[in-house]
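Just so it is clear, the values below take in all heavy atoms, side chains as well, and ignore hydrogens, waters and symmetry mates.
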Amino acid sequence: MNPLLQQLDSGQRAQLDAYLDILMEWNQNMNLTGPCTREEALQRHVVDSLALLPIIEAHAPPCPPSSGPLTLMDVGSGAGFPGLVLAIARPAWRVTLLDSLAKRTRFLGAAAEAAGAAGVRVVCANAEAAGRDPALRDAFQVVTARAVAEMRVLAELCLPFLAPGGVWVAAKGPAPEGEVAAAGPALELLGAQLIGVEDVVCAGQQGRRTALTVRKLGPTPTGYPRAVGRPAKRPLGGYIKKPKAG
């Protein structure tokens, strides 16, 4: 058994089994993960999501007892990675799964119920619109995103949800340095600061995996996020420098 799965108790592993059961069932009729076996979904997606936990817990702001449980928003949650996996692994957290497609949010609701993940809320909305909702804006201690967009775009989609002092964790591939450098002006404009680029320890995962960690320094400036689709069409920040061919 993968060491990250061994850290969960038997009840949590049973919850993950129930999650994978419904994922495999729904994936036959809608494209949630692309073609994959149950074992591939476990290793590529579940284990990969669990591997973010040490990074989140190292950087998340402390939660005094009077403030309640840690709050986390997963932007572009898709099939529930990493948000629903994190909710199962840390049942005390209050996790919100955000996705813009109704069929995916229907799946997320069904999957959370099947897995018995009681601390999960599902929101169907574009990130640009949700980021202007007073109930969601500047409201979360942690925001996550995985395989959604490059960092200049993600910064505008994710940072509005973070409370000042909170941390944004973006799962990335082996060489994110170019997009990190290009996103510097966007982070500054949106009142945030890069903490670093960290290697993700994920036993069994082929290739290097990284996580970008960013601290929110103050409230989101008025005017951001921009209208739906605008962040992707005209990203904030500079140009991404592609590495020269060897």
Side-chain angles (χ1 to χ4, degrees), residues 1-27 32-34 36-63 65 68-99 104 107-122 140-148 166-172 198-213:
M1 182 186 296
N2 187 287
L4 291 169
L5 294 170
Q6 289 178 333
Q7 296 174 16
L8 305 179
D9 63 33
S10 59
Q12 290 168 319
R13 291 196 290 271
Q15 287 179 284
L16 287 177
D17 282 339
Y19 174 26
L20 287 171
D21 284 343
I22 194 170
L23 175 65
M24 291 295 100
E25 177 186 345
W26 282 55
N27 204 40
L32 290 165
T33 64
C36 70
T37 66
R38 183 189 179 91
E39 182 62 22
E40 287 170 340
L42 178 67
Q43 296 301 327
R44 286 183 199 166
H45 302 300
V46 173
V47 170
D48 197 55
S49 297
L50 290 172
L52 296 176
L53 274 171
I55 295 171
I56 292 171
E57 293 178 328
H59 297 292
C63 296
L70 182 141
T71 55
L72 182 148
M73 164 73 86
D74 187 31
V75 175
S77 197
F81 306 116
L84 186 48
V85 176
L86 298 176
I88 292 170
R90 296 293 183 268
W93 292 1
R94 293 297 172 259
V95 175
T96 298
L97 308 178
L98 175 71
D99 201 274
R104 285 202 294 253
F107 166 75
L108 290 170
E113 182 177 0
V120 170
R121 173 176 56 160
V122 178
F140 295 86
Q141 292 157 304
V142 177
V143 171
T144 56
R146 178 178 182 263
V148 177
V167 66
W168 166 36
V169 178
K172 288 291 178 179
E198 304 189 32
D199 284 322
V200 175
V201 179
C202 187
Q205 176 70 51
Q206 296 299 314
R208 183 187 182 218
R209 302 290 294 164
T210 60
L212 315 181
T213 52

Sequence neighbours excluded, the answer for side-chain contact (heavy atoms from CB on, under 4.5 Å) partners of E198 is I55, H59, T213
| request: Find out whether V167 and I56 are in side-chain contact, i.e. whether some heavy atom of one side chain is under 4.5 Å from a heavy atom of the other. | output: no
Of all heavy-atom pairs linking V120 and A87, the shortest is CG2-CB, 3.4 Å
### Query
Does a side-chain heavy-atom distance below 4.5 Å link Q12 with L5?
no
For residues 75-93, the side chain to side chain donor-acceptor pair (under 3.5 Å) pairs (sequence neighbours left out) are E57-R90, D74-S77
Do L50 and L8 make a side-chain contact, defined as non-hydrogen atoms from C-beta onward lying under 4.5 Å apart?
yes
Hits for side-chain contact (heavy atoms from CB on, under 4.5 Å) against D199, two or more places apart or cross-chain, chain-then-number order -> R208, T210
Note, D17 side chain near R38 side chain (heavy atom, < 4.5 Å):
yes
Between the CG atom in D21 and the CG atom in L16, the distance rounded to the nearest 0.5 Å is 11.0 Å
- Message: So V200 and L52, do their side chains get closer than 4.5 Å, heavy atoms only?
- Response: yes
T96 meets the side-chain contact (heavy atoms from CB on, under 4.5 Å) criterion, sequence neighbours left out, with M73, R121, V123, F140
The reported gap from CG in L20 to CG in L42 (rounded to nearest 0.5 angstrom) is 6.0 Å
Taken in chain and number order and not counting sequence neighbours, the residues that satisfy ring pair (Phe, Tyr, Trp, His ring centres under 6.0 Å) with F81 are Y19, H45
A41 and C36 have their tightest heavy-atom pair at CB-SG, 3.9 Å
Sorted by chain and residue number, the ring pair (Phe, Tyr, Trp, His ring centres under 6.0 Å) partners of W26 (sequence neighbours excluded) come out as F107
